[in-house]
Protein chains: 2
Amino acid sequence: MGSPEYLKIVEAIKTKITSEEIKPGDAIQSENLLCEEFNVSRMTVRKGLAVLVNEGYIYSIPGKGNYVCEPDLDLYTLHFDEMMPTEKKGEEIRLLEVNVIKPSYEIGFNLEIPENKHVIVVKRVFVSDGVIKAYDIKYIPYYRGIPIVEKEIRYATFPEMVAKKNSIFAMTKKLKIRATLAKGEVSQSLDVMDGEPLLVVEQKLLDEKDHPIGWGIMYFAGEDSGLEAVACFD
Amino acid sequence: MGSPEYLKIVEAIKTKITSEEIKPGDAIQSENLLCEEFNVSRMTVRKGLAVLVNEGYIYSIPGKGNYVCEPDLDLYTLHFDEMMPTEKKGEEIRLLEVNVIKPSYEIGFNLEIPENKHVIVVKRVFVSDGVIKAYDIKYIPYYRGIPIVEKEIRYATFPEMVAKKNSIFAMTKKLKIRATLAKGEVSQSLDVMDGEPLLVVEQKLLDEKDHPIGWGIMYFAGEDSGLEAVACFD
DNA sequence: CAGTGGTCTAGACCACTTG
DNA sequence: AAGTGGTCTAGACCACTGA
């Protein structure tokens, strides 16, 4: 009752859509008709429709009308916390290595830099209740002023490591997720046997021009450690 | 120049944020000030601010002002196409099994149903250029009218299988992603050796009351097959 | 109290689509 | 030409925060 008029319009149309009274591709009644129906001004109707557009229920075609969206059921929201649930009791980060190196072919390829440019490599493990949960390797093109002091880098997130050079608002992060088998250095760092299944999350940090400014790989041990995602549509 | 006034306001404030002229937690100048600055009416200013709110740049506190958001750098958009890139050349879906069964403890637990309720089980593999890419198992509580005809179910997505009973607009999908080793039935279905690393995507379909209406597990073979996600912030 | 954001109105003009 | 959505105005009243 006390709710704003435009929210009543939102709810009314949402109900029509979820009850399948109107289906994807169908047109909504015109804005002028909605004005009469709800006895409100056109701006109020449009505010309600704007909410539905933002939430992915409808879209507009100028000169024609407002239409119900085909829901994109393949889109999910993934919450990937780079630092695990740090700052909690029993959580700890161990810094294994901070170095300036010449990039391997793979590193140079992923950071799109020539082989004579130096690269910072940071290797850490995340420990929970005494058990190593994840092994994290990050590569960042070297630049003056990059933090390489242990204290600064130990608890730093990927964006924080490059924040001096790039605004976090102008960065994009991309993930690739796959499975692999533990072996060699990775097994040792995670303290697992070779052949254990590992979840691999590859992170790439891009600047506003889509140029890589960081590349990292995280290995997660244990079948219990996984990621969760929720469908966007609500 | 020809762009609407409210978009000019959006761009101006975005630039201030990405250039870090104003930082997270800082206040934007008041709406009335923005009206004067840009020589527009308040509704136009508010339309611009609404865009910034939707895109996650700012938030409002009634009676106080508009403030720059702390960017949530842990949120990603994951595109998980349940049907793989089907309908493409060289792609094929093989239906291995459609059955009505009594649920195991695990199935009953995940679907939150008693053990005397029957369940449809659908097993499929996704084949690309003759290579089996994924093995898919889905469980759906049995109800009258559920499609169990091969033709109907072979190319059906999870939501389509339950669509007769539930509107896709009222459904939620949740994913859990982890790594495991191939073994037994899974190895055979994927035609890989035991001990191969597999990416596991567990899907749960929930109705509007958060009650499960479907549970599925997809196994992806091959180190090359993985998922990709992009940070939401733009 | 003056200032802020939240809601709403009753008009207006434009570009666009359709018959 | 009539109808549609997109933009915009110049007011208004409200509930809220802070001094």
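Sequence lines set the chain letters: A, B, ... in the order given, protein chains first and strands last, and positions in each chain run from 1.
Legend: residues meeting side chain to side chain contact (heavy atoms under 4.5 Å, CB included) with A/Glu202, ordered by chain and number and at least two apart, are A/Asn110, A/Lys176, A/Arg178, A/Trp215, A/Ile217. Taking the salt bridge (charged side-chain N to carboxylate O under 4.0 Å, His left out) definition, one finds that B/Glu228 meets it with nothing, sequence neighbours left out.
Taking a 4.0 Å limit (strictly below) on heavy-atom distances, residues 32-47 of chain B reaches DNA chain D at B/Asn39, B/Val40, B/Ser41, B/Arg42, B/Met43, B/Thr44, B/Lys47.
Protein atom CD of A/Gln29 is 11 Å distant from nucleotide atom P of D/dT4, rounded to whole Å. The interatomic distance linking B/Ile58 (CD1) with C/dT4 (C1') rounds to 14 Å, in whole Å. Between the C1' atom of C/dG3 and the CD1 atom of B/Ile28 lies a distance of 17 Å, rounded to the nearest Å. Following rounding to the nearest Å, B/Leu7 (CG) and D/dT7 (C1') show an atom-to-atom distance of 10 Å. For the pair B/Glu31 CD and D/dT9 P, the computed distance is 14 Å after rounding to whole Å.
In B/Tyr59, the OH atom is crowded: over 12 heavy atoms of neighbouring residues, nucleotides or ligands sit closer than 6.0 Å. The neighbour count for B/Lys174 NZ, taken as heavy atoms of other residues, nucleotides or ligands under 6.0 Å away, does not exceed 12. By the 6.0 Å contact criterion, NZ on B/Lys123 is enclosed, its count of non-hydrogen atoms from other residues, nucleotides or ligands being greater than 12.
Taking the six-membered ring where tryptophan is involved, the planes of B/Phe80 and B/Phe220 are perpendicular, since the angle between them exceeds 60° and thus also 30°.
OP1 or OP2 of D/dT7 lies within a sub-4.0 Å distance of a side-chain N or O belonging to B/Tyr6. For the pair B/Asn66 and C/dG5, the criterion of a side-chain N or O lying under 4.0 Å from OP1 or OP2 is met.
The pair A/Lys8-A/Glu5 meets the salt-bridge criterion, with a side-chain N (NZ, NE, NH1 or NH2) lying under 4.0 Å from an Asp/Glu carboxylate O.
Residues A/Tyr57 and A/Lys14 have side chains that never bring a donor and an acceptor to within less than 3.5 angstrom of each other.
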Could you write out DNA chain D as a dot-bracket string, with dots for unpaired bases, | for bases paired across to another strand, and Watson-Crick or G-U pairs counted at under 3.5 Å? ||||||||||||||||.|.

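Between A/Phe158 and A/Gly216, the closest heavy-atom pair is CE1-N, 3.7 Å.
Listed by first and then second residue, the side chain to side chain donor-acceptor pair (under 3.5 Å) pairs involving residues 137-148 of chain A are A/Glu82-A/Lys138, A/Asp136-A/Lys138 (not counting sequence neighbours).
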Every protein N/O within reach of nucleotides 17-19 of chain C N/O, cut-off under 3.5 Å:
unit_1 : atom_1 : unit_2  : atom_2 : d
C/dT18 : OP1    : A/Lys64 : NZ     : 3.0

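Between the side chain of A/Ser167 and the backbone N or O of B/Thr18, at least one donor-acceptor pair lies under 3.5 Å.
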